[in-house]
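See structure below.
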Amino acid sequence: MRDSASARRRAPAPATWRIGDGAPPAGPFVALVPGAEAPLIALTLPAALKGVAREDVARRQALDRMGPGLDVRPARLEGVEDWARVAVAERTQVLRWRGALGPAVARCRGLVPDYLALPAAPGLWVVEADRDGVVARLGPADGFAAEHALALRMLTLALAEARAGGALPRAVLLTGETAPAFAPLFEGMSLVSRAGDLPAALTPRVMALGEAAVDFARDPRADAEGVEARIRRLIWPALLVVLGALGWVGAQGLGIARDRAEAAAVQAETLAAVRRDLLPSGPILDLEVQVMREIERRRSAARPEVAALGPLDLLRQAAPVLAGTEVQAVTLGADGLSVEVQVPDFQALDALVEALAAADLTVRASRSAIDPAGGVGATLALEALP
């Protein structure tokens, strides 16, 4: 068994082919899809959940957060059972990727996001920056692909989180034509441009940590249903199946009746508590809505009223921040303040929005565009924080 595991670790990485980049390889290969269209998202999953139950909860969380019409794949990297990330992609896009394989579909061993094809090792970050964008692997269990500006913000945030958690990488492998633009981010860290310069303990491996399991080429649920159908066809004692089904139906009926009785008892206790503590009189038509209204009414009655800021107050509060900015127009409204500004670039616009937010203002950029004469023009709607 040890020899078999060692052989698997020494096995060469599978051939890869980026979707739409020429013809697929002649032999077996892994197809790489754009990582920006199949991002990894982090979820909050109970540690006790394992296996299929963990996948079901992760799928529900991902769909609730990002909406329907998505394919969700668990990122069970390194084979761990307490994984907490999933890769998501629009189902229509997944179907287009599968269609792009054409006759090579039989040789394809999986559709995997391109950032998972980067080499990886615990404690190592790998960043590949070229003219088309940035692909990054932040250790074995994380990664992303994005255009340069977004990648810069994502790497900055990842470094801040790692620094706060005491989990900074031991080394960073930075490669690509535009790599010098990202080098200042990793100042003070062990930064190399060649994998051969890494210490032996950080030697990265390619597609060796379970990346092929993040596969959009197949639907695991459909595969499971197919296996279940084949198993059912092998069960020959049909009578036992029928008797078992009848027994199950009877048990379910008893369970449903018991659950209904318990639900009725809980509802009666809840109604009695509401009558005692919140709604002593009057009809109860919608228990949840009426209880929330009563709680909010009591909370409002106990909360001291604070006078809302008027437009002139908002202008006075924003004036110190806007002092160094070219303000073209200011519009005072009944419920807020609208300011038209001219800034050098989008980075300066982001900085201005953050500064206004730090001044206890709610800021919405209702318009932003590049001015033909140079710079960026934007309209900011300012409101006081609630």
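Sequence positions, counted from 1, serve as the residue numbers for this chain.
For R170, there are no side chain to side chain donor-acceptor pair (under 3.5 Å) partners at least two apart in sequence or on another chain. With sequence neighbours excluded, the residues forming a side chain to side chain contact (heavy atoms under 4.5 Å, CB included) with L63 are R59, L70, V72, listed by chain and number. Every residue meeting the side chain to side chain donor-acceptor pair (under 3.5 Å) condition with R367, not counting sequence neighbours, appears here in chain and number order: T379. Taking the side chain to side chain donor-acceptor pair (under 3.5 Å) definition, one finds that R65 meets it with nothing, sequence neighbours left out. Among residues two or more places apart in sequence or in another chain, the side chain to side chain contact (heavy atoms under 4.5 Å, CB included) test is passed with E187 by none. For F186, the ring pair (Phe, Tyr, Trp, His ring centres under 6.0 Å) test picks out no residue, with sequence neighbours left out. Applying the side chain to side chain contact (heavy atoms under 4.5 Å, CB included) criterion to A348, with sequence neighbours excluded, gives V343, P344, D345. When the side chain to side chain donor-acceptor pair (under 3.5 Å) test is applied to T178, the partners found at least two apart in sequence or on another chain are H148.
Across all their heavy atoms, A62 and I41 have their closest contact at CB-CD1, 4.1 Å. Taking all atoms of both residues into account, the shortest heavy-atom contact from A183 to L191 is CB-CD2, 4.0 Å. V363 approaches A357 most closely through the heavy-atom pair CG2-N, 4.1 Å. For the pair A179 and L174, the tightest heavy-atom approach, listed with the atom from each and the gap, is O-CD2, 3.4 Å. The nearest pair of heavy atoms linking L202 to P122 is CD2-O, 3.3 Å.
A distance-only check finds no donor-acceptor pair linking the side chain of W248 to the backbone of Q252 [under 3.5 Å]. Between the R54 side chain and the W83 main chain, a donor and an acceptor come within less than 3.5 Å of each other. Q342 places a side-chain N or O within donor-acceptor distance of the main-chain N or O of G374, the cut-off being under 3.5 Å. Within the 3.5 Å criterion, the main-chain N or O of V376 finds no donor-acceptor partner in the side chain of D371. A donor-acceptor pair under 3.5 Å is formed between the side chain of Q290 and the backbone N or O of D286. A donor-acceptor pair under 3.5 Å is absent between the side-chain atoms of E340 and the main chain of A378, judged by distance alone. Here the side chain of R107 pairs a donor or acceptor atom with the backbone of P25 at under 3.5 angstrom. In this structure, R73 contributes its side chain and D215 its backbone to a donor-acceptor pair below 3.5 Å.
L101 is listed as a side-chain neighbour of W17, based on a closest heavy-atom distance under 4.5 Å.
More than 12 heavy-atom neighbours from other residues, nucleotides or ligands sit within 6.0 angstrom of CE on M189. In the displayed structure, Q347 atom CD is contacted under 6.0 Å by at most 12 heavy atoms of other residues, nucleotides or ligands.
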List the steps and the verdict of side-chain contact (heavy atoms from CB on, under 4.5 Å) for F346 and I370.
-> CA-CA 9 Å; F346 283 104; I370 297 176; 3.7 Å; yes

Decide side-chain contact (heavy atoms from CB on, under 4.5 Å) for I19 and L111; before the verdict, give the C-alpha distance in whole Å, the side-chain angles of both, and the deciding distance to 0.1 Å.
-> CA-CA 9 Å; I19 291 286; L111 288 170; 4.0 Å; yes

Quick one: do T156 and L185 satisfy side-chain contact (heavy atoms from CB on, under 4.5 Å)? Show the steps, please.
-> CA-CA 7 Å; T156 302; L185 279 177; 3.4 Å; yes

May I have the step-by-step check of side-chain contact (heavy atoms from CB on, under 4.5 Å) for V127 and T175, ending in yes or no?
-> CA-CA 6 Å; V127 180; T175 62; over 6 Å; no

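Here D142 contributes atom CG and L77 contributes atom CG; the two are 9.0 Å apart, rounded to the nearest 0.5 Å. Note that CG of L45 and CD of E55 are 11.0 Å apart. Values are rounded to the nearest 0.5 Å. Atoms OG and CG, from S190 and L198 in turn, are 7.5 Å apart once rounded to the nearest 0.5 Å. Between atom CG of residue L118 and atom CG of residue L32 there is a gap of 9.5 Å, rounded to the nearest 0.5 Å. The CZ atom of F182 lies 6.5 Å from the CG atom of L155; values are rounded to the nearest 0.5 Å. With values rounded to the nearest 0.5 angstrom, L337 atom CG is found 6.0 Å from L314 atom CG.
For residues 86-99, every residue pair satisfying the side chain to side chain donor-acceptor pair (under 3.5 Å) rule, not counting sequence neighbours, is listed here: D71-R91, Q93-R96. Applying the side chain to side chain donor-acceptor pair (under 3.5 Å) rule to pairs touching residues 262-278 yields nothing, sequence neighbours excluded. Listed by first then second residue, pairs satisfying side chain to side chain donor-acceptor pair (under 3.5 Å) with a partner in residues 109-138 read R18-D114, R131-E177, R137-E211, not counting sequence neighbours. The salt bridge (Lys or Arg N to Asp or Glu O under 4.0 Å) pairs that include a residue from residues 25-43 number zero, where partners must be two or more places apart or lie in different chains.
Ionic pairing of R293 and E296 is not present here: no N-O contact between side-chain nitrogen and carboxylate oxygen is shorter than 4.0 angstrom.
With no hydrogens or angles considered, no side-chain donor-acceptor pair links Q317 and D360 at under 3.5 Å.
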